[in-house]
Protein chains: 2
Amino acid sequence: MEKSYRPNLHLALMHYPVMNKNGDVIASAVTNLDLHDISRAAKTYGVRSFYVVTPLADQKSLIEKIVSHWVSGAGAKYNPIRREALELIRIKDSLAKVTDHIRSQGEGTPKTVVTCARDYDRSISYSSFQDMLKNRSSYLLIFGTAWGLSENFISKADYILEPIKGNTDYNHLSVRSAASIILDRLLKLDVRC
Amino acid sequence: MEKSYRPNLHLALMHYPVMNKNGDVIASAVTNLDLHDISRAAKTYGVRSFYVVTPLADQKSLIEKIVSHWVSGAGAKYNPIRREALELIRIKDSLAKVTDHIRSQGEGTPKTVVTCARDYDRSISYSSFQDMLKNRSSYLLIFGTAWGLSENFISKADYILEPIKGNTDYNHLSVRSAASIILDRLLKLDVRC
(Lines give C-alpha, C1' and ligand atoms only; values in the text may rest on other atoms or scores of the structure.)
Protein backbone atom coordinates (compact mmCIF):
# COMPACT_ATOMS: atom_id res chain seq x y z
CA MET A 1 0.00 0.00 0.00
CA GLU A 2 1.59 3.26 -1.14
CA LYS A 3 1.53 5.82 1.64
CA SER A 4 3.79 8.57 0.37
CA TYR A 5 1.08 10.98 -0.77
CA ARG A 6 1.35 14.24 1.16
CA PRO A 7 -1.14 16.95 0.32
CA ASN A 8 0.13 20.53 0.29
CA LEU A 9 -2.06 21.22 3.30
CA HIS A 10 -1.41 23.23 6.46
CA LEU A 11 -3.68 23.67 9.48
CA ALA A 12 -4.26 26.75 11.63
CA LEU A 13 -6.05 26.92 14.99
CA MET A 14 -7.17 30.49 15.69
CA HIS A 15 -7.52 31.91 19.22
CA TYR A 16 -8.32 35.33 17.74
CA PRO A 17 -10.58 36.62 16.21
CA VAL A 18 -13.14 34.20 17.67
CA MET A 19 -16.50 34.67 19.34
CA ASN A 20 -17.62 34.16 22.90
CA LYS A 21 -21.05 32.83 23.86
CA ASN A 22 -22.61 36.27 23.28
CA GLY A 23 -21.11 36.74 19.83
CA ASP A 24 -18.47 39.27 20.96
CA VAL A 25 -15.08 38.99 19.31
CA ILE A 26 -12.47 37.83 21.82
CA ALA A 27 -9.04 36.19 22.12
CA SER A 28 -9.56 32.73 23.67
CA ALA A 29 -7.29 30.80 26.03
CA VAL A 30 -5.25 27.87 24.74
CA THR A 31 -6.44 24.32 25.57
CA ASN A 32 -3.59 21.85 26.11
CA LEU A 33 -5.39 18.92 24.47
CA ASP A 34 -6.08 20.95 21.31
CA LEU A 35 -2.33 21.00 20.76
CA HIS A 36 -1.94 17.25 21.34
CA ASP A 37 -5.04 15.94 19.58
CA ILE A 38 -4.84 18.13 16.50
CA SER A 39 -1.09 17.65 16.01
CA ARG A 40 -1.51 13.86 16.32
CA ALA A 41 -4.33 13.92 13.74
CA ALA A 42 -2.26 16.20 11.47
CA LYS A 43 0.69 13.78 11.67
CA THR A 44 -1.60 10.80 10.94
CA TYR A 45 -2.93 12.43 7.76
CA GLY A 46 0.35 13.88 6.44
CA VAL A 47 -0.43 17.56 7.07
CA ARG A 48 2.70 19.73 6.61
CA SER A 49 2.40 22.04 9.60
CA PHE A 50 0.00 23.01 12.36
CA TYR A 51 -0.06 26.74 13.16
CA VAL A 52 -1.38 27.76 16.58
CA VAL A 53 -2.38 31.41 16.34
CA THR A 54 -2.75 33.91 19.19
CA PRO A 55 -1.67 37.54 19.59
CA LEU A 56 -1.38 37.22 23.40
CA ALA A 57 2.19 37.07 24.74
CA ASP A 58 1.32 34.99 27.83
CA GLN A 59 -0.58 32.46 25.72
CA LYS A 60 2.29 32.20 23.24
CA SER A 61 4.69 31.54 26.07
CA LEU A 62 2.35 28.86 27.49
CA ILE A 63 2.19 27.11 24.10
CA GLU A 64 5.98 27.31 23.77
CA LYS A 65 6.36 25.74 27.20
CA ILE A 66 4.03 22.84 26.36
CA VAL A 67 5.53 22.23 22.93
CA SER A 68 9.15 22.40 24.09
CA HIS A 69 8.42 19.91 26.90
CA TRP A 70 7.33 17.36 24.30
CA VAL A 71 9.73 18.29 21.49
CA SER A 72 13.01 18.81 23.36
CA GLY A 73 12.31 18.40 27.10
CA ALA A 74 11.55 15.44 29.35
CA GLY A 75 8.44 14.54 27.34
CA ALA A 76 10.50 13.93 24.19
CA LYS A 77 12.41 11.18 25.96
CA TYR A 78 9.33 9.78 27.71
CA ASN A 79 7.25 9.61 24.54
CA PRO A 80 9.18 10.15 21.26
CA ILE A 81 6.03 9.32 19.26
CA ARG A 82 4.26 12.31 20.78
CA ARG A 83 7.28 14.44 19.84
CA GLU A 84 6.83 13.57 16.16
CA ALA A 85 3.34 15.07 16.31
CA LEU A 86 4.05 18.21 18.34
CA GLU A 87 7.01 19.02 16.08
CA LEU A 88 4.42 20.12 13.51
CA ILE A 89 3.37 23.07 15.71
CA ARG A 90 4.36 26.62 14.78
CA ILE A 91 3.24 29.52 16.99
CA LYS A 92 2.19 32.72 15.17
CA ASP A 93 0.57 36.07 16.03
CA SER A 94 -1.90 36.29 13.19
CA LEU A 95 -3.14 34.78 9.97
CA ALA A 96 -0.90 37.18 8.03
CA LYS A 97 2.15 35.80 9.88
CA VAL A 98 1.06 32.26 9.00
CA THR A 99 0.71 32.95 5.28
CA ASP A 100 4.04 34.85 5.32
CA HIS A 101 5.69 31.79 6.86
CA ILE A 102 4.23 29.39 4.30
CA ARG A 103 5.27 31.75 1.49
CA SER A 104 8.80 32.01 2.95
CA GLN A 105 9.14 28.26 2.48
CA GLY A 106 8.66 28.62 -1.25
CA GLU A 107 5.15 27.23 -1.36
CA GLY A 108 3.43 30.35 -2.70
CA THR A 109 0.51 32.08 -1.01
CA PRO A 110 -1.84 29.46 0.41
CA LYS A 111 -5.55 29.62 -0.29
CA THR A 112 -7.47 29.90 2.97
CA VAL A 113 -10.29 27.44 3.73
CA VAL A 114 -12.27 28.12 6.90
CA THR A 115 -14.33 25.57 8.82
CA CYS A 116 -17.59 26.47 10.50
CA ALA A 117 -20.56 24.63 12.05
CA ARG A 118 -22.97 26.68 9.90
CA ASP A 119 -23.87 26.38 6.21
CA TYR A 120 -23.11 29.30 3.85
CA ASP A 121 -24.29 29.84 0.29
CA ARG A 122 -20.70 29.63 -0.86
CA SER A 123 -19.74 26.55 1.23
CA ILE A 124 -17.71 23.98 -0.70
CA SER A 125 -18.13 20.21 -0.29
CA TYR A 126 -15.52 17.75 0.96
CA SER A 127 -15.24 16.24 -2.51
CA SER A 128 -14.64 19.68 -4.09
CA PHE A 129 -11.86 20.33 -1.60
CA GLN A 130 -10.39 16.88 -2.33
CA ASP A 131 -10.29 17.83 -6.01
CA MET A 132 -8.65 21.16 -5.17
CA LEU A 133 -5.94 19.37 -3.16
CA LYS A 134 -5.11 17.28 -6.22
CA ASN A 135 -3.88 20.34 -8.07
CA ARG A 136 -0.99 20.58 -5.59
CA SER A 137 -1.62 24.22 -4.74
CA SER A 138 -0.98 25.19 -1.15
CA TYR A 139 -3.99 25.31 1.20
CA LEU A 140 -4.43 26.49 4.77
CA LEU A 141 -7.36 24.85 6.57
CA ILE A 142 -8.49 27.06 9.47
CA PHE A 143 -10.29 26.11 12.70
CA GLY A 144 -11.71 28.41 15.35
CA THR A 145 -11.76 27.93 19.12
CA ALA A 146 -14.37 29.15 21.65
CA TRP A 147 -17.73 29.78 19.87
CA GLY A 148 -16.12 29.86 16.43
CA LEU A 149 -14.36 32.22 14.02
CA SER A 150 -15.71 35.78 13.72
CA GLU A 151 -18.06 36.49 10.82
CA ASN A 152 -15.69 39.14 9.52
CA PHE A 153 -12.81 36.65 9.48
CA ILE A 154 -14.95 34.03 7.72
CA SER A 155 -16.08 36.53 5.09
CA LYS A 156 -12.46 37.21 4.07
CA ALA A 157 -11.50 33.56 3.52
CA ASP A 158 -11.01 32.22 0.02
CA TYR A 159 -13.28 29.22 0.75
CA ILE A 160 -15.68 27.97 3.43
CA LEU A 161 -15.85 24.21 3.97
CA GLU A 162 -19.31 22.72 4.50
CA PRO A 163 -20.15 21.79 8.10
CA ILE A 164 -19.88 18.23 9.41
CA LYS A 165 -23.26 16.57 9.48
CA GLY A 166 -23.72 13.48 11.63
CA ASN A 167 -27.10 11.82 11.39
CA THR A 168 -28.94 14.06 13.86
CA ASP A 169 -29.54 17.81 14.08
CA TYR A 170 -26.98 18.12 16.88
CA ASN A 171 -23.90 19.88 15.52
CA HIS A 172 -21.74 20.79 18.48
CA LEU A 173 -18.55 18.80 18.09
CA SER A 174 -15.37 19.90 19.84
CA VAL A 175 -12.74 21.47 17.59
CA ARG A 176 -10.58 18.41 18.31
CA SER A 177 -13.28 16.07 16.99
CA ALA A 178 -14.11 18.33 14.04
CA ALA A 179 -10.47 18.61 12.95
CA SER A 180 -10.03 14.82 13.18
CA ILE A 181 -13.18 14.06 11.20
CA ILE A 182 -12.44 16.64 8.51
CA LEU A 183 -8.90 15.32 7.97
CA ASP A 184 -10.28 11.79 7.71
CA ARG A 185 -12.96 12.84 5.21
CA LEU A 186 -10.42 14.66 3.05
CA LEU A 187 -7.40 12.42 3.28
CA LYS A 188 -8.11 8.86 4.37
CA LEU A 189 -6.56 6.19 2.17
CA ASP A 190 -9.59 5.38 0.05
CA VAL A 191 -9.97 9.00 -1.10
CA ARG A 192 -6.40 9.19 -2.34
CA CYS A 193 -5.56 11.88 -4.89
CA MET B 1 -33.24 15.29 4.46
CA GLU B 2 -34.44 12.48 6.74
CA LYS B 3 -32.42 12.38 9.92
CA SER B 4 -34.39 10.02 12.10
CA TYR B 5 -32.19 6.93 11.67
CA ARG B 6 -30.76 5.87 15.03
CA PRO B 7 -28.54 2.82 15.04
CA ASN B 8 -28.85 0.47 17.99
CA LEU B 9 -25.36 1.43 19.03
CA HIS B 10 -23.87 2.15 22.46
CA LEU B 11 -20.33 3.28 23.30
CA ALA B 12 -18.11 2.31 26.22
CA LEU B 13 -14.87 3.97 27.31
CA MET B 14 -12.82 1.58 29.47
CA HIS B 15 -10.45 2.76 32.20
CA TYR B 16 -9.80 -0.88 33.18
CA PRO B 17 -8.42 -3.29 31.98
CA VAL B 18 -6.06 -1.11 29.93
CA MET B 19 -2.31 -1.08 29.48
CA ASN B 20 0.34 1.36 30.61
CA LYS B 21 3.41 2.23 28.54
CA ASN B 22 5.14 -0.97 29.65
CA GLY B 23 2.23 -3.24 28.76
CA ASP B 24 1.14 -3.82 32.38
CA VAL B 25 -2.60 -3.97 32.98
CA ILE B 26 -3.75 -0.95 35.00
CA ALA B 27 -6.80 1.19 35.84
CA SER B 28 -6.30 4.60 34.22
CA ALA B 29 -7.40 8.03 35.45
CA VAL B 30 -10.36 9.78 33.87
CA THR B 31 -9.70 12.65 31.43
CA ASN B 32 -12.33 15.41 31.60
CA LEU B 33 -12.27 16.11 27.86
CA ASP B 34 -12.87 12.44 27.02
CA LEU B 35 -16.29 12.85 28.66
CA HIS B 36 -17.09 16.05 26.75
CA ASP B 37 -15.68 15.20 23.33
CA ILE B 38 -16.96 11.65 23.10
CA SER B 39 -20.44 12.49 24.43
CA ARG B 40 -20.72 15.38 21.93
CA ALA B 41 -19.67 13.06 19.07
CA ALA B 42 -22.07 10.36 20.32
CA LYS B 43 -24.93 12.88 20.36
CA THR B 44 -24.03 14.10 16.86
CA TYR B 45 -24.20 10.58 15.42
CA GLY B 46 -27.30 9.36 17.29
CA VAL B 47 -25.56 6.90 19.63
CA ARG B 48 -27.95 5.66 22.37
CA SER B 49 -25.69 5.84 25.40
CA PHE B 50 -22.08 6.42 26.37
CA TYR B 51 -20.83 4.20 29.21
CA VAL B 52 -17.78 5.37 31.14
CA VAL B 53 -16.30 2.34 32.87
CA THR B 54 -14.03 2.29 35.91
CA PRO B 55 -13.95 0.10 39.02
CA LEU B 56 -12.34 2.87 41.13
CA ALA B 57 -14.66 4.60 43.62
CA ASP B 58 -12.79 7.93 43.58
CA GLN B 59 -12.81 8.02 39.78
CA LYS B 60 -16.51 7.21 39.65
CA SER B 61 -17.21 10.05 42.05
CA LEU B 62 -15.11 12.43 39.93
CA ILE B 63 -17.05 11.47 36.79
CA GLU B 64 -20.35 11.92 38.66
CA LYS B 65 -19.26 15.37 39.78
CA ILE B 66 -18.34 16.45 36.25
CA VAL B 67 -21.47 15.00 34.67
CA SER B 68 -23.86 16.41 37.28
CA HIS B 69 -22.35 19.89 36.88
CA TRP B 70 -23.31 19.85 33.21
CA VAL B 71 -26.54 17.85 33.44
CA SER B 72 -28.22 19.37 36.50
CA GLY B 73 -25.82 21.95 38.02
CA ALA B 74 -24.66 25.41 36.97
CA GLY B 75 -23.27 24.10 33.68
CA ALA B 76 -26.71 22.94 32.54
CA LYS B 77 -28.00 26.52 32.72
CA TYR B 78 -24.84 28.02 31.25
CA ASN B 79 -24.74 25.65 28.29
CA PRO B 80 -27.90 23.54 27.76
CA ILE B 81 -26.48 22.18 24.50
CA ARG B 82 -23.61 20.62 26.39
CA ARG B 83 -26.14 19.08 28.77
CA GLU B 84 -27.83 17.24 25.90
CA ALA B 85 -24.52 15.50 25.17
CA LEU B 86 -23.42 14.67 28.71
CA GLU B 87 -26.86 13.24 29.48
CA LEU B 88 -25.78 10.21 27.41
CA ILE B 89 -23.17 9.27 30.03
CA ARG B 90 -23.73 6.25 32.32
CA ILE B 91 -21.05 5.31 34.87
CA LYS B 92 -20.43 1.60 35.37
CA ASP B 93 -17.95 -0.65 37.21
CA SER B 94 -17.28 -3.17 34.48
CA LEU B 95 -18.19 -4.42 31.04
CA ALA B 96 -20.55 -6.95 32.65
CA LYS B 97 -22.46 -4.11 34.34
CA VAL B 98 -22.73 -2.31 30.99
CA THR B 99 -24.18 -5.30 29.15
CA ASP B 100 -26.55 -5.95 32.11
CA HIS B 101 -27.80 -2.36 31.83
CA ILE B 102 -28.37 -2.57 28.09
CA ARG B 103 -30.17 -5.90 28.56
CA SER B 104 -32.32 -4.41 31.34
CA GLN B 105 -33.63 -1.89 28.82
CA GLY B 106 -35.06 -4.68 26.70
CA GLU B 107 -32.46 -4.46 23.95
CA GLY B 108 -31.07 -7.97 24.37
CA THR B 109 -27.41 -8.77 24.93
CA PRO B 110 -25.27 -6.41 22.84
CA LYS B 111 -22.50 -7.80 20.65
CA THR B 112 -19.18 -6.27 21.70
CA VAL B 113 -16.95 -4.58 19.10
CA VAL B 114 -13.54 -3.44 20.34
CA THR B 115 -11.39 -0.77 18.73
CA CYS B 116 -7.62 -1.01 18.62
CA ALA B 117 -4.74 0.71 16.80
CA ARG B 118 -3.39 -2.69 15.66
CA ASP B 119 -4.58 -5.05 12.92
CA TYR B 120 -5.80 -8.53 13.86
CA ASP B 121 -6.51 -11.49 11.57
CA ARG B 122 -10.13 -11.34 12.61
CA SER B 123 -10.52 -7.53 12.29
CA ILE B 124 -13.74 -6.46 10.58
CA SER B 125 -13.97 -3.53 8.17
CA TYR B 126 -16.04 -0.36 8.59
CA SER B 127 -18.35 -1.45 5.80
CA SER B 128 -18.93 -4.86 7.43
CA PHE B 129 -19.84 -3.14 10.68
CA GLN B 130 -22.19 -0.78 8.79
CA ASP B 131 -23.94 -3.83 7.36
CA MET B 132 -24.18 -5.39 10.82
CA LEU B 133 -25.78 -2.21 12.20
CA LYS B 134 -28.46 -2.47 9.53
CA ASN B 135 -29.82 -5.67 11.07
CA ARG B 136 -30.91 -3.63 14.12
CA SER B 137 -29.18 -5.89 16.64
CA SER B 138 -27.68 -4.12 19.62
CA TYR B 139 -23.95 -3.33 19.51
CA LEU B 140 -21.52 -1.98 22.07
CA LEU B 141 -18.49 -0.21 20.54
CA ILE B 142 -15.62 -0.21 23.04
CA PHE B 143 -12.67 2.19 23.33
CA GLY B 144 -9.65 1.93 25.62
CA THR B 145 -7.79 4.71 27.42
CA ALA B 146 -4.06 4.91 28.31
CA TRP B 147 -2.03 2.59 25.99
CA GLY B 148 -5.12 0.65 24.93
CA LEU B 149 -7.32 -2.27 25.97
CA SER B 150 -5.59 -5.36 27.42
CA GLU B 151 -4.96 -8.25 25.03
CA ASN B 152 -7.04 -10.55 27.21
CA PHE B 153 -9.99 -8.13 27.05
CA ILE B 154 -9.65 -7.81 23.26
CA SER B 155 -9.52 -11.59 22.81
CA LYS B 156 -12.91 -11.97 24.52
CA ALA B 157 -14.75 -9.44 22.32
CA ASP B 158 -17.24 -10.62 19.72
CA TYR B 159 -15.60 -8.44 17.06
CA ILE B 160 -12.49 -6.30 16.53
CA LEU B 161 -12.87 -3.23 14.32
CA GLU B 162 -10.02 -2.53 11.90
CA PRO B 163 -7.68 0.31 12.93
CA ILE B 164 -7.99 3.82 11.50
CA LYS B 165 -5.48 4.37 8.73
CA GLY B 166 -4.67 7.94 7.73
CA ASN B 167 -2.31 8.31 4.81
CA THR B 168 0.96 7.87 6.71
CA ASP B 169 2.38 5.15 8.95
CA TYR B 170 1.72 7.26 12.05
CA ASN B 171 -1.18 5.74 13.98
CA HIS B 172 -1.27 7.44 17.35
CA LEU B 173 -4.56 9.31 17.47
CA SER B 174 -6.10 10.31 20.80
CA VAL B 175 -9.10 8.24 21.87
CA ARG B 176 -11.18 11.42 21.41
CA SER B 177 -10.09 11.70 17.76
CA ALA B 178 -10.44 7.97 17.13
CA ALA B 179 -13.97 7.82 18.53
CA SER B 180 -15.01 10.85 16.43
CA ILE B 181 -13.55 9.45 13.21
CA ILE B 182 -15.00 5.97 13.75
CA LEU B 183 -18.50 7.33 14.37
CA ASP B 184 -18.21 9.47 11.24
CA ARG B 185 -17.02 6.52 9.14
CA LEU B 186 -19.86 4.33 10.39
CA LEU B 187 -22.76 6.75 10.60
CA LYS B 188 -22.35 9.93 8.54
CA LEU B 189 -25.33 10.77 6.38
CA ASP B 190 -24.07 9.32 3.10
CA VAL B 191 -23.56 5.87 4.63
CA ARG B 192 -27.12 5.67 5.90
CA CYS B 193 -28.55 2.23 6.60
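A note on names: the letters A, B, ... follow the listed sequences, proteins ahead of strands, and every chain is numbered from 1.
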Exceeds 12 heavy-atom contacts within 6.0 angstrom, atom CZ of B:Phe153: yes
Which atoms of A:Ile182 approach chain B - backbone, side chain, both or neither, heavy atom under 4.5 Å: neither
B:Ile38 versus chain A, the contacting section by heavy-atom distance below 4.5 Å: neither
Interface residues of residues 19-34 of chain A facing chain B - non-hydrogen atoms under 4.5 Å apart: A:Lys21, A:Thr31, A:Leu33
Heavy-atom pair of closest approach, residues A:Lys188 and B:Lys165: CB-O, 4.2 Å
Pairing residues for B:His101 by the ring pair (Phe, Tyr, Trp, His ring centres under 6.0 Å) criterion, not counting sequence neighbours: B:Tyr51
Gap separating the CD1 atom of A:Ile181 from the OG1 atom of B:Thr44, nearest 0.5 angstrom: 7.5 Å
Hphob cluster co-occupancy, A:Leu141 + A:Leu35, side-chain heavy atoms under 4.5 angstrom: yes
Cluster overlap A:Leu95 with A:Leu56, hydrophobic side-chain contacts below 4.5 Å: no
Transitive ILVMFWY side-chain link B:Val175 to B:Leu161, under 4.5 Å: yes
Common cluster, B:Ile102/B:Leu9, ILVMFWY with side-chain heavy-atom separation under 4.5 Å: no
Side chains of B:Ser177 and A:Leu183 in contact at under 4.5 Å (non-hydrogen atoms): no
Proximity of residues 82-92 of chain A to chain B, residues having a non-hydrogen atom under 4.5 angstrom: A:Arg82, A:Glu84, A:Ala85
Expected output: side-chain A:Tyr170 to main-chain B:Gly46 donor-acceptor under 3.5 Å: no
Exceeds 12 heavy-atom contacts within 6.0 angstrom, atom NZ of A:Lys60: yes
Check: B:Thr168 side chain, A:Tyr45 main-chain N or O, donor-acceptor pair, under 3.5 Å: no
For the student: nearest non-hydrogen atoms of A:Asn167 and B:Pro7, plus distance: ND2-CD, 4.3 Å
Same apolar cluster: A:Leu186 and A:Ile164, side chain cutoff 4.5 Å: yes
Residue pairs passing the salt bridge (charged side-chain N to carboxylate O under 4.0 Å, His left out) test where at least one lies in residues 35-50 of chain A, sequence neighbours excluded: A:Asp37-B:Arg176
